[in-house]
Asks: 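Once you've had a glance at the structure underneath, I'll fire off some questions.
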Amino acid sequence: MFTFGETMVALRGSGPLKLGGTMQVSVAGAESNVAIGLARLGHAVRWAGAVGDDEAGALVLRTLRAEGVEVSGAARDPGAPTGLLLFEPRLPEVTRVHYYRAGSAGSRLTADAVEDAFAAAPPRVLHLTGITPALSATARSATGRALRLARRHGSLVCLDVNFRARLWTAEEATAVLREWVPSVDVLIASDDELPLCLPEDPGAEVGARAEALLDLGVGEVVVKLGAAGATVFSRALHDGPLHRPATPVRAVDAVGAGDAFVAGYLSALLDGEGPAGRLERAVTTGAFAVASHGDWEGAPTRAELGMLGTPPGTVVR
């Protein structure tokens, strides 16, 4: 599996930033979160991107290598810093996110890394998000190039819409996503992101929007419904859409749950599982994420996937 995008240094505060206090240092990025999740489940994963030629960039690459993600396609940009991400918890279930990524090394990503990755070994799966094209014109061009190369080489394309209103407007996102939709095999989105992908809104019903996307050529549409679980729409499902409720856990941090869900879904897809098996693993990995602090730190290994079914208070010896 191959993915690319911007990974930043992440600082997590314990309360309002204006009051100061201590912060935990880690790294975060939607694509690398998915890459780490897949690597922990035993899959070969390549990540490409650009970081600054600084200590923050060294931390990003060191972390990804330590998690088993192949990063030979990553570049170190001496002319721009590694991006920064601040997490500010404001309520038990509400976290504010502050980006410092304008002019960052990651935003200066070019198509070179994408070209090199496909030249070396065309991936079985290309994973894209709607975040990378929002970073800059060059990053948008690189993402479009990756999509065209995937079509040429027969790679399966997974697109997680992952709309970020602080990075681009809905109108800008719509212009790009609607052009890409016919080339997407697996489209993953929350229910409120579906209209961004459609030339016309067929109505307020999630099912109608998903059916419209299938008519445009998408192989399957996976709709994330948060605490309500997720639903898959596909022409291959003769009995209609397939729904799976969320796995109940005590939530401590919802950040990164969507990326963990995607990692689980793609893991099962790479294993040859059908839609039911993919959903099952996706909601399981998503549950691990919300039950743990951090973007990717709680991602399970393959041996840990069954742990959620154990009774509360169990000590695994």
Asks: Is the number of heavy atoms from other residues, nucleotides or ligands under 6.0 Å of Gln24 CD greater than 12?
Replies: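 Counting neighbours around CD of Gln24, 12 or fewer heavy atoms of other residues, nucleotides or ligands fall under 6.0 Å, so no.
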Asks: Is it true that a side-chain atom of His43 and a backbone atom of Asp271 form a donor plus acceptor pair closer than 3.5 Å?
Replies: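 Judged by distance alone, no pair lies under 3.5 Å.
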Asks: For a quick test of reading the model, state the closest non-hydrogen atom pair linking Val218 to Glu220 and the distance between them.
Replies: CG1-O, 3.3 Å
Asks: Would Arg145 and Asp112 satisfy salt bridge (charged side-chain N to carboxylate O under 4.0 Å, His left out), going step by step from the backbone distance to the final call?
Replies: CA-CA 10 Å; Arg145 180 62 176 154; Asp112 291 345; over 6 Å; no
Asks: For this output row, return yes or no: ring centroids of His153 and Phe118 closer than 6.0 angstrom.
Replies: yes
Asks: Any side-chain donor-acceptor pair under 3.5 Å between Thr231 and His243?
Replies: yes
Asks: Mind checking whether Leu61 and Arg76 have side chains closer than 4.5 Å, heavy atoms only?
Replies: yes
Asks: Answer yes if Val114 and Leu126 sit in the same cluster of Ile, Leu, Val, Met, Phe, Trp and Tyr residues linked by side chain heavy atoms under 4.5 Å apart, and no otherwise.
Replies: yes
Asks: Could you check whether Asp185 pairs with Arg151 (Lys NZ or Arg NE/NH1/NH2 to Asp/Glu carboxylate O, under 4.0 Å)?
Replies: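 A salt bridge links Asp185 with Arg151.
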Asks: Under the side-chain contact (heavy atoms from CB on, under 4.5 Å) criterion, do Ser104 and Met8 qualify, and how do the steps go?
Replies: CA-CA 9 Å; Ser104 67; Met8 300 158 284; over 6 Å; no
Asks: Testing Arg96, Arg12, Lys18 for salt bridge (charged side-chain N to carboxylate O under 4.0 Å, His left out) with Glu88, which one passes?
Replies: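 Only one of Arg96, Arg12, Lys18 forms a salt bridge (charged side-chain N to carboxylate O under 4.0 Å, His left out) with Glu88, namely Arg96.
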Asks: Considering only heavy atoms from C-beta outward, does the side chain of Asp77 approach that of Asp53 to under 4.5 Å?
Replies: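 Result no, sub-4.5 Å side-chain heavy-atom pair not found.
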Asks: Is there a donor in the side chain of Glu297 and an acceptor in the side chain of Ser292, or the other way round, less than 3.5 Å apart?
Replies: no
Asks: Would you mind reporting whether Asn162 and Val262 have side-chain heavy atoms less than 4.5 Å apart?
Replies: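 When only atoms from C-beta onward are counted, Asn162 and Val262 do not touch, as no gap falls below 4.5 Å.
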Asks: Have a look at Thr7 and tell me which of Val60, Asn33, Val71 forms a side chain to side chain contact (heavy atoms under 4.5 Å, CB included) with it.
Replies: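 For Thr7, the side chain to side chain contact (heavy atoms under 4.5 Å, CB included) test succeeds with only one of Val60, Asn33, Val71, which is Val60.
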Asks: Can you name the side-chain contact (heavy atoms from CB on, under 4.5 Å) partners of Ala287, sequence neighbours left out?
Replies: Thr247, Val249, Leu308
Asks: Could you walk me through whether Ser72 and Glu70 satisfy the side-chain hydrogen bond (donor to acceptor under 3.5 Å, both in side chains) test, starting with their C-alpha distance in whole Å, then the side-chain angles of each, then the deciding distance to 0.1 Å, before giving a yes or no?
Replies: CA-CA 6 Å; Ser72 62; Glu70 203 272 303; 2.3 Å; yes
Asks: Mind checking whether Val184 and Leu269 sit in one hydrophobic cluster, side chains of I, L, V, M, F, W, Y counted as touching below 4.5 Å?
Replies: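 Not linked; separate clusters.
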Asks: Walk me through whether Asp215 and Arg235 qualify under salt bridge (charged side-chain N to carboxylate O under 4.0 Å, His left out).
Replies: CA-CA 10 Å; Asp215 289 340; Arg235 296 281 185 248; 2.4 Å; yes
Asks: Should Leu159 and Ile188 count as side-chain neighbours, where that means a heavy-atom distance under 4.5 Å?
Replies: no
Asks: Would a 4.5 Å heavy-atom cut-off, applied to side chains only, mark Val161 and Leu196 as touching?
Replies: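 Touching, per the 4.5 Å side-chain cut-off.
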Asks: Would you find a donor on one side and an acceptor on the other, under 3.5 Å apart, between the side chain of Arg46 and the backbone of Gly73?
Replies: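 Not at all, since once roles are kept as given, no pair shorter than 3.5 Å links the two residues.
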Asks: Do the side chain of Glu67 and the main chain of Leu64 share a donor and acceptor less than 3.5 angstrom apart?
Replies: no
Asks: Can you tell if the side chain of Phe261 reaches within under 4.5 Å of the side chain of Thr284, non-hydrogen atoms only?
Replies: no
Asks: So, for Phe163 and Glu193, which heavy atoms are closest and what is the spacing to 0.1 Å?
Replies: N-OE2, 2.9 Å
Asks: State whether a side-chain donor-acceptor pair under 3.5 Å links Glu6 with Thr132.
Replies: no
